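A short write-up of the structure that comes next.
This structure is a prediction, so every number in the text was calculated from the model and none was measured.
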Amino acid sequence: MKNFKKAVCYSLIIVTAVFGLSVVCPGEDKPVAPAPASPDVNNPKSQQKPAEPNKITEERKMIKLETTKGDIVIEVNETAAPVTSANFLKYVQEGFYDGVIFHKVIPGFMIQGGGFTPDMTQMPTPAPIVNEAKNGLKNDRGTIAMARTNDPNSATAQFFINLVNNDVLNYSARSPGYAVFGKVTDGLDVVDAITKVQTSSKGPYGDVPVEPVIIKSAKIVKAK
């Protein structure tokens with residue numbers, strides 16, 4: 001019940017942001033940012049037409065996150081989310097995610113990582129990217145999306161994996177939404193295992209695993 005209330009609380013906080021209120025979740029990460037994949041990476045006109053929800057096309061890349069809890073394989077949707085995917089892949093190729101942690105774990109909601117070291121030092125990043133939440137992909141269970149602040153175009157390196165169908169995070173006429181750019185194809189049991197770790201507060205950040213869940217490496221792998 002405690003975790004359920006916490007998930008509801010976070011959802012309500014996100015909903016308030018839709019109405020222009022300056023609300024930030026406890027431990028909300030500051031805007032961190034990724035370098036553009038091309039000269040027009042932040043140009044909304046460069047985005048492609050919306051794809052079918054959560055459909056992965058033949059032109060895809062697989063990312064394996066080797067964590068201290070096991071491996072998580074993610075299929076990136078470059079067709080539906082070209083800017084976000086290029087941004088994520090750039091971080092992977094540069095080794096940015098090697099050694100960072102899943103720093104926010106909220107059972108019944110999501111697990112978030114990609115921006116802090118085990119001692120909760122935030123990693124510096126380049127400029128943020130445009131929000132591609134209007135791409136037709138939904139924040140369903142097992143999908144991966146970009147974390148951001150109340151500014152829709154503030155996403156950089158941090159991402160989260162949805163534990164349930166979080167419809168409140170989807171793009172709508174009243175909300176800019178959170179950009180989904182892929183989904184977990186293997187290791188969803190590992191994602192669920194991460195939700196069972198004990199969490200606490202560290203400084204201004206809440207829901208931090210007591211024992212760090214570390215991403216030992218993030219690599220592009222061949223699709224099976």
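- To the nearest 0.5 Å, atom OH of residue Tyr178 and atom CE of residue Met110 are 9.0 Å apart.
- Here Ser217 pairs with Glu66 under the side-chain hydrogen bond (donor to acceptor under 3.5 Å, both in side chains) rule; sequence neighbours left out.
- Side-chain N/O atoms of Glu132 and Thr84 include a donor and acceptor closer than 3.5 Å.
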Inset, instruction - I would like to know whether Lys183 and Asp140 meet side-chain contact (heavy atoms from CB on, under 4.5 Å); could you show each step before the answer? - result: CA-CA 9 Å; Lys183 64 181 181 180; Asp140 290 341; over 6 Å; no
Legend entry - Full working for side-chain contact (heavy atoms from CB on, under 4.5 Å) between Val191 and Leu163: CA-CA 8 Å; Val191 173; Leu163 302 176; 3.5 Å; yes
Inset, instruction - Output, in order, the C-alpha distance, side-chain angles, deciding distance and verdict of salt bridge (Lys or Arg N to Asp or Glu O under 4.0 Å) for Asp71 and Lys219. - result: CA-CA 11 Å; Asp71 295 345; Lys219 299 178 179 178; over 6 Å; no
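- Looking at Ser85, its side chain never comes within 3.5 Å of a backbone N or O of Pro82 through a donor-acceptor pair.
- In the hydrophobic clustering of ILVMFWY residues, with side-chain heavy atoms under 4.5 Å counting as a link, Ile111 and Val213 come out together.
- Screening Val76, Thr185, Asp186, Ile220 against Met62 for a side chain to side chain contact (heavy atoms under 4.5 Å, CB included) leaves a single residue, Thr185.
- Atom CZ of Phe96 and atom CD1 of Ile215 lie 10.0 Å apart (nearest 0.5 Å).
- Between Phe109 and Asn166 the shortest side-chain heavy-atom distance falls below 4.5 Å.
- Residues meeting the side-chain contact (heavy atoms from CB on, under 4.5 Å) test with Thr121, sequence neighbours left out: Thr117, Asp119.
- Formation of a donor-acceptor pair under 3.5 Å by the Ser154 side chain with backbone atoms of Arg148 is not found in this model.
- Considering only heavy atoms from C-beta on, Pro118 comes within 4.5 Å of Ile214 through its side chain.
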Inset, instruction - Run the numbers on Val197 and Lys69 for side-chain contact (heavy atoms from CB on, under 4.5 Å), then give the verdict. - result: CA-CA 10 Å; Val197 302; Lys69 289 293 183 180; 3.7 Å; yes
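- A distance-only check finds no donor-acceptor pair linking the side chain of Asn139 to the backbone of Asp167 [under 3.5 Å].
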Legend entry - Candidate pair Asn162 and Thr143, rule side chain to side chain donor-acceptor pair (under 3.5 Å), full reasoning: CA-CA 6 Å; Asn162 289 291; Thr143 57; 2.9 Å; yes
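- At least one donor-acceptor pair closer than 3.5 Å links the side chain of Asp98 to the backbone N or O of Ala218.
- Taken from CZ in Phe88 to CD in Gln93, the straight-line distance is 11.0 Å, to the nearest 0.5 Å.
- Put simply, the side chain of Asn77 gets close to the backbone of Thr79: a donor and an acceptor are under 3.5 Å apart.
- To the nearest 0.5 Å, atom OG of residue Ser200 and atom CD of residue Glu211 are 14.0 Å apart.
- Tyr205 has its ring centre less than 6.0 Å from the ring centre of Phe116.
- Side chain of Asn135 to backbone of Val180: a donor-acceptor contact under 3.5 angstrom is found.
- Remark: the backbone N or O of Ala157 is paired with a side-chain donor or acceptor of Tyr97 at under 3.5 angstrom.
- Of the N and O atoms on the side chains of Asn153 and Asn131, not one donor lies less than 3.5 Å from an acceptor on the other residue.
- Ile63 contributes atom CD1, which lies 10.5 Å from atom CD of Glu75 (distance to the nearest 0.5 angstrom).
- In this structure, Met120 and Ile101 have side chains that are in contact, with non-hydrogen atoms separated by less than 4.5 Å.
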